[in-house]
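One structure is given here, and the rest of the page talks about it.
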Amino acid sequence: MKVFSGIRPSGELHIGNYLGAIKQWVELQEKHECVFCIVDFHAIITAYKPEELQKNILELTIAYLAAGLDPEKCILFVQSEVKEHSELAWLLGTITPLGDLKRMIQFKEKSKKYPEHASAGLLNYPLLMAADILLYKADLVPVGKDQKQHIELTREIAKRFNKTFGDVFILPKALLPEAGQKIMSLQEPKKKMSKTDSPAGYIGIFDEPEKIKEKIMTAVTDSGKVVKYDLERKPGISNLLTIYSLFSGKTIKILEKKFNGKGYYEFKMGMALLLIESLEKFRKKRKELLAREVYLREILSRGKNRAQVIAQSTMREVKNKMGLI
Ligand code: ATP
Ligand code: LTN
C-alpha cells in the first residue's frame with residue numbers, strides 16, 4: 001500500500017498531532033511505501049511570520065525524526081520544493097465545484113476565526129491537499145478526525161477526474177486511529193487540541209517536565225471528584241483519561257479502577273509523571289538533532305529528489321489525459 005500524510009509547520013507539535021497522526025506513521029513506515037511531507041504551502045494560509053517559517057520547517061523535521069520516522073524507510077520532504085503540488089492543485093480546481101469547497105468545516109471555522117484571512121487560498125486549501133495525496137497515488141492517508149472530510153473530498157475529486165479524463169488516480173482512504181483521533185484542548189475540553197491555540201491548551205511533544213506538570217495540573221476538569229469516563233458530563237476528565245490510556249497502554253476501565261476513591265489531584269500527578277517519562281526520549285532526540293542542521297538539510301534534499309520523481313511521473317500522465325501535452 002502507498003501512504004501519504006503531512007503536517008503544517010505552523011507551531012510546536014503537540015500530543016494530539018502525535019496520537020492522531022505521527023504515531024500511526026511510525027508504524028506504517030515498517031510495512032508500506034510512505035511519503036511524509038512538511039506542508040509549508042498549507043502553513044501560509046493563516047497569519048504567520050515569514051522570518052519564522054524556515055525555523056518552523058526545521059523544527060518539524062526534527063519532530064518527525066524524534067518521534068520515530070526513519071528517512072531510510074520513508075520519504076520526508078518539504079511541499080514547496082516539489083512544484084508539481086501547486087501545479088496539480090490548479091488543475092484539480094478546474095473540475096471542483098465551488099460549493100464543495102465552501103462546505104468544508106475547516107474553511108468555515110478558520111474563516112470565522114480569522115475573518116481577515118478568509119482568502120481564496122483558504123478556500124482552495126483542500127485542492128492543494130488533494131494534489132498532495134493524488135500525486136503519490138496514496139491508498140491510505142493517516143490523519144486525525146478533523147481531516148476526514150478533506151480526504152473524502154479528495155476521493156470525489158479523484159473520481160471526477162478519472163471519469164472525465166480517464167483513470168489516473170487511486171481513490172484514497174483516511175486512516176484514523178481507533179482511539180486518539182480527536183484529542184481535546186486541556187483548557188477547553190469541548191474544542192480540539194490545536195497548535196495555533198494558547199500553549200496552556202496543549203502539551204508539546206518537547207515540553208520540559210515542569211511545563212508538562214503545570215499544564216496537566218491546571219487542565220480544566222469539573223467540580224466532581226470521581227475519575228470516570230463520561231464525555232457529556234466530564235469532557236475534561238474523559239480527555240485526560242484518553243491521553244493517559246494511550247500513553248500507558250492501559251484501558252480506560254483499568255485506569256478508572258486504579259484511581260477509584262482517589263481525587264483528581266492524585267490522578268493528574270500520576271498522569272504528569274507518565275507524560276514526563278513518555279516524552280523524555282523525544283526531548284533527548286531533539287537535543288541531538290538540533291546540532292545537526294546539515295544532516296537535516298541532507299535528508300530533506302534527498303526526500304525532495306525522491307518525491308519529485310514520483311510527482312513528475314504522475315503529472316505527465318495527468319497532462320497527457322487533459323490534452324496539455
Ligand atoms: P493548527 O492549529 O495549525 O490547525 P493542528 O494542531 O490542528 O494545527 P495540523 O497541522 O492541522 O495540526 O494537523 C496535523 C495532523 O495532526 C493532522 O493529521 C490532524 O488531523 C492531526 N491532529 C491535529 N490536531 C489533533 C488532535 N487534537 N487530535 C488528534 N489528531 C490531531
Ligand atoms: N490539511 C492538513 C495538512 C495536510 C495533509 C495533506 C494531511 C496538507 N496536505 C495531505 C494529509 C495529507 C491539516 O490541516 N492537518
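Residues: numbered from 1 along the sequence shown.
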Using atom types as modelled and distance alone, determine if a side-chain donor or acceptor of Ser185 lies under 3.5 Å from a backbone N or O of Lys192. no

Tested for side chain to side chain contact (heavy atoms under 4.5 Å, CB included) against Pro9, the lone hit among Val78, Leu58, Ile44, Asn56 is Asn56

Contacts of type salt bridge (Lys or Arg N to Asp or Glu O under 4.0 Å), residue Glu87, not counting sequence neighbours: Lys319

Between Glu84 and Met315 (side chain of the first, backbone of the second, donor and acceptor by atom type, cut-off under 3.5 Å), is there such a pair? no

So that I know where these two stand, are His150 and Phe107 an aromatic pair - ring centroids less than 6.0 Å apart? no

Which residues pass the ring pair (Phe, Tyr, Trp, His ring centres under 6.0 Å) test with Phe259, not counting sequence neighbours? Tyr244, Phe267

Assess whether a salt bridge exists between Glu288 and Lys284, defined as any Lys/Arg side-chain N lying under 4.0 Å from an Asp/Glu carboxylate O. no

Apply the test side chain to side chain contact (heavy atoms under 4.5 Å, CB included) to residues Ile45 and Arg8: give CA-CA distance (whole Å), side-chain angles for both, the deciding distance (0.1 Å), then the verdict. CA-CA 10 Å; Ile45 44 107; Arg8 310 191 314 141; 3.8 Å; yes

When clusters are formed by joining ILVMFWY residues with side-chain heavy atoms under 4.5 Å apart, either directly or through shared neighbours, do Met217 and Val227 land in the same one? no

Mind listing the closest non-hydrogen atom pair of Ser278 and Phe247 along with its distance? CB-CD2, 3.7 Å

Hey, any chance Ile212 and Ile15 share a hydrophobic cluster, counting ILVMFWY side chains that come within less than 4.5 Å of each other, even indirectly? yes

Evaluate the side-chain proximity of Leu134 to Thr314: yes if any heavy-atom separation is below 4.5 Å, no if none is. no

Can you see whether Tyr202 has Lys215 sitting over its ring - NZ or CZ less than 6.0 Å from the centre and within 45° of the normal? yes

Applying the 4.5 Å side-chain criterion to the ILVMFWY set and letting contacts propagate, would Val26 and Val35 be lumped into a single cluster? no

Quick one: are Ile276 and Glu280 in side-chain contact, heavy atoms under 4.5 Å? no

Does the side chain to side chain contact (heavy atoms under 4.5 Å, CB included) test come out yes or no for Ile243 and Ile203, once each step is laid out? CA-CA 11 Å; Ile243 299 172; Ile203 294 178; over 6 Å; no

Only residue of Leu274, Leu275, Leu273 satisfying side chain to side chain contact (heavy atoms under 4.5 Å, CB included) with Ile216 is Leu275

Decide yes or no on salt bridge (Lys or Arg N to Asp or Glu O under 4.0 Å) for Glu317 and Lys137, but give the supporting numbers first. CA-CA 12 Å; Glu317 278 185 76; Lys137 302 197 177 177; 2.6 Å; yes

Rounded to the nearest 0.5 Å, what separates atom CG in Asp197 from atom CD in Glu188? 7.0 Å

So, does Arg160 use its side chain to make a donor-acceptor pair with the main chain of Ile95 at under 3.5 Å? yes

Met1 backbone acceptor or donor facing Asp139 side chain under 3.5 Å: no

Nearest-0.5 Å distance, CG of residue Asp146 to CD of residue Gln181: 10.0 Å

Flag, side chain of Thr94 to backbone of Trp90, donor-acceptor distance under 3.5 Å: no

Enter the distance from Met104:CE to Tyr125:OH here, rounded to the nearest 0.5 Å. 12.5 Å

Mind telling me whether Phe4 and Tyr136 have parallel, tilted or perpendicular rings, with 30° and 60° as the class edges? parallel

Heavy-atom pair of closest approach, residues Gly16 and Met193: N-SD, 3.7 Å

Please give me the minimum heavy-atom distance between Ala89 and Ala131, naming the atom from each residue. N-CB, 3.6 Å

Check Asp40, Leu53, Val39 against Ser80 for a side chain to side chain contact (heavy atoms under 4.5 Å, CB included) and give me the one that passes. Asp40

Backbone N or O of Pro189 within a donor-acceptor pair of the Asn239 side chain at under 3.5 Å? no

Under the salt bridge (Lys or Arg N to Asp or Glu O under 4.0 Å) rule, collect the residues that match up with Glu33, sequence neighbours excluded. none

Checking Gln24 side chain against Gly20 main chain: does a donor-acceptor pair fall under 3.5 Å? yes

Counting neighbours of NZ on Lys113 that are heavy atoms of other residues, nucleotides or ligands and sit closer than 6.0 Å, is the number greater than 12? yes

Side chain to side chain contact (heavy atoms under 4.5 Å, CB included) partner of Tyr18, the single match among Leu279, Ile205, Leu246, Leu13: Ile205

Can a side-chain donor-acceptor contact be found between Gln147 and Gln106 if the only test is distance below 3.5 angstrom? yes

Using 4.0 Å as the upper bound for N to carboxylate O, is an ion pair formed by Glu156 and Lys159? yes

Nearest heavy-atom approach of Gly93 to Leu127 is CA-CD1, 3.5 Å

Excluding sequence neighbours, so at least two apart, what forms ring pair (Phe, Tyr, Trp, His ring centres under 6.0 Å) with Phe36? Trp25

Quick one: pull up CD in Glu116 and OG1 in Thr46 and give me the separation to the nearest 0.5 Å. 10.0 Å

Minimum heavy-atom distance between Lys148 and Leu176, given as atom pair plus value: CD-CD1, 3.6 Å

With distance as the sole test, does Ser5 use its side chain to make a donor-acceptor pair with the main-chain N or O of Pro142 at under 3.5 Å? yes

Take atom CD of Gln312 as the centre, draw a 6.0 Å sphere, and report whether it contains more than 12 heavy atoms from other residues, nucleotides or ligands. yes

Is Leu101 linked to Ile133 within one hydrophobic cluster, defined over Ile, Leu, Val, Met, Phe, Trp and Tyr using a side-chain heavy-atom separation of less than 4.5 Å? yes

Closer than 3.5 angstrom, by distance alone: can the side chain of Glu256 be matched with the main-chain N or O of Tyr229 as a donor-acceptor pair? yes

Short side-chain to backbone donor-acceptor contact, Lys321 and Phe161, under 3.5 Å: no

Can you measure from OG (Ser194) to CG (Asn17) and round to the nearest 0.5 angstrom? 8.0 Å

Under 3.5 Å, sequence neighbours excluded: what are the donor-acceptor pairs made by side chains of residues 166-174?
none

What do you reckon, is NZ of Lys145 surrounded by more than 12 foreign heavy atoms closer than 6.0 Å? no

With the side chain counted from C-beta on, respond yes when Met184 and Ser238 share a heavy-atom pair under 4.5 Å apart, and no when they do not. no

Decide if atom NZ of Lys195 counts as having more than 12 heavy atoms of other residues, nucleotides or ligands within a radius under 6.0 Å. yes

Salt bridge (Lys or Arg N to Asp or Glu O under 4.0 Å) partner of Asp230, the single match among Lys234, Arg233, Lys228: Arg233

Shortest non-hydrogen pair, Ala307 vs Val82, comes out as CB-CG2, 4.2 Å

Please report, to 0.1 Å, the donor-acceptor pairs under 3.5 Å made by any side chain of residues 61-77, with sequence neighbours excluded.
from: Thr61; atom 1: OG1; to: Ile57; atom 2: O; distance (Å): 2.7
from: Tyr64; atom 1: OH; to: Ile7; atom 2: N; distance (Å): 3.2
from: Tyr64; atom 1: OH; to: Cys37; atom 2: O; distance (Å): 2.6
from: Asp70; atom 1: OD1; to: Glu72; atom 2: N; distance (Å): 2.8
from: Glu72; atom 1: OE2; to: Arg302; atom 2: NH2; distance (Å): 3.4
from: Lys73; atom 1: NZ; to: Glu30; atom 2: OE1; distance (Å): 3.4
from: Lys73; atom 1: NZ; to: Glu30; atom 2: OE2; distance (Å): 3.2

